[in-house]
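All heavy atoms count here, side chains included; hydrogens, waters and symmetry mates do not. What you see is a predicted model; the values in this text were computed from it and never measured.
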Amino acid sequence: MRAAHVEILEDLSDGILEGNGPLTSAGPVSRRLWVSSARTVMEAGLDVWSGAASLPDQDWNIHVELAQDAVANGLPLGHVLRGIEIGYTALVTGYWRVAEPGDHTELVAYTAWNGKLADSCLQALRDGYFLSVKSDGRVEVARQAFLESLLAGTPRADLAVNAGLALCPAYLVMAVPARTVATDAFPRDVLVNQTERGSIALFPTADAPDMWARTEAQARRCAQLSGVSSVIVLARAAEPQGIPAAVADAERASVLASALQLSGVVRPETLRMEQVLAEDGLLRQDVSQVIEPIMDQCDLITTLHQLYQTDLDRSRTATRLGIHRRTLSYRLQKIATVTGVDPLSSRGIKAFQLALAAHQLEAERPLPESLPEELPVQRAKPEELPGQRAS
């Protein structure tokens, strides 16, 4: 078997050293190191396959040198890994082709052991590659190149490998108005892009309901840890090629949500009507007519705004406004009387929400800013309801 090993290794080595095979584009130094790596695995396998747990340190260093040479020559890690995997497979296949009767039992055990050893060698190569890239200051360059490929809609798995990442089947896009976020709050596999328009984060996931839910929860936690206190927009890209459209949708929704002073988590599909209003001035004027009768009463406009921001929770609305709940009831009744539309009815909710959005999108007439989530409860005297005395 050793004689067959020498012959097979020499034949394959000659092809690699001459620039043929899986490492055709590699330089001569890389090809020599590749042959050394293959010889290390195969010779060690012949000598110690029956009991050795690992290779000596000096043999692992061959893979570190190969990784360093690949980085220095700009050789993609994926190219090197594929070359080594093909070469190791070719060597083992060669053994089986020249096996003599009685060799097969030994070959079965050797092939299984060598497969595990080759995996360890490949991992050593990966570790050496990324250590070399990191010391060379190229990790962020590789990550940025992969990010740009995703944002351009031309995802490349080889760029992902060079960055120490994987090209995933789906991505969750998170957009926030903040131009800077604490990137150390995000996991390593999350890519963050910060521009003048705000910040975008791409969370790898899979196109399955449970995975979307899990990833969205992760995005919310990351937003909190990174200090994002404004609205966050989440959009889904069911495949990597759909990332540009999802990013554009999320960025538009982020700008709109900020203009509308929304908070919490928002999805672009929930703002379609507001997007139409933002693009159509005549429509804004039309739908805002429902609140025209109360436009000179700032307390009523603010009350509506806070009522819908708290999802019709009267206790929270009263707390945020710093008024008594009876005062809130009086204001809502007054709005219904003056406008002819009940702000708590299903049609009234839609009409007033769109009217407030249309009014707020008019730059010259902004709505009052959102109040803090919690205000000290004030013992304000409730306004009297018609025919009633305040208690």
At their closest point, which heavy atom of [X] faces which heavy atom of [Y], and how far apart are they?
| X | Y | result |
| --- | --- | --- |
| A246 | A235 | O-CB, 3.8 Å |
| F146 | A166 | CZ-O, 4.3 Å |
| R326 | H324 | N-ND1, 2.9 Å |
| A358 | R284 | CB-O, 3.5 Å |
| H359 | I291 | CB-CD1, 3.9 Å |
| L165 | D189 | CD2-CA, 3.8 Å |

Close side-chain approach of [X] and [Y], heavy atoms under 4.5 Å:
| X | Y | result |
| --- | --- | --- |
| R220 | T215 | no |
| V190 | C222 | no |
| V231 | P177 | yes |
| M174 | V233 | no |
| I335 | L304 | yes |
| I301 | I294 | yes |
| P187 | Q218 | yes |
| P244 | L151 | no |

>> Determine whether T183 and Q194 satisfy the following criterion, side-chain contact (heavy atoms from CB on, under 4.5 Å), listing intermediate values before the conclusion.
In response: CA-CA 10 Å; T183 55; Q194 302 180 90; 3.7 Å; yes
Assess whether a salt bridge exists between R272 and D249, defined as any Lys/Arg side-chain N lying under 4.0 Å from an Asp/Glu carboxylate O.
yes
>> Please determine whether a side-chain nitrogen of the Lys or Arg among R267 and E216 lies less than 4.0 Å from a carboxylate oxygen of the Asp or Glu.
In response: yes
Shared hydrophobic cluster for [X] and [Y] (ILVMFWY, side-chain gaps under 4.5 Å):
| X | Y | answer |
| --- | --- | --- |
| V176 | L271 | no |
| V192 | L150 | no |
| I232 | L262 | no |
| L191 | L172 | no |
| V247 | L147 | yes |

Main-chain N/O of [Y] paired to [X] side chain as donor or acceptor, under 3.5 Å:
| X | Y | answer |
| --- | --- | --- |
| T327 | I323 | no |
| S254 | A250 | no |
| T205 | Y171 | no |
| Q241 | P155 | no |
| S329 | R325 | yes |
| T310 | L307 | yes |
| R143 | A163 | no |
| Q360 | A259 | yes |
| R320 | S315 | no |
| Q309 | Q261 | yes |

Practice item. Given side-chain contact (heavy atoms from CB on, under 4.5 Å), test L159 with L167 step by step and report yes or no. Key: CA-CA 9 Å; L159 293 180; L167 178 60; over 6 Å; no
When rounded to the nearest 0.5 angstrom, what distance separates [atom1] in [X] from [atom2] in [Y]?
| X | Y | atom1 | atom2 | result |
| --- | --- | --- | --- | --- |
| Q333 | D342 | CD | CG | 10.0 Å |
| E279 | E274 | CD | CD | 12.0 Å |
| L277 | L283 | CG | CG | 5.0 Å |
| Y308 | L260 | OH | CG | 14.5 Å |
| T303 | Q297 | OG1 | CD | 10.5 Å |
| N193 | L202 | CG | CG | 8.0 Å |

Query - Chi angles and distances behind the side-chain contact (heavy atoms from CB on, under 4.5 Å) call for R236, V173 - result: CA-CA 6 Å; R236 297 177 178 182; V173 177; over 6 Å; no
Do S149 and R156 meet the criterion of a side-chain donor-acceptor pair at a distance under 3.5 Å? no
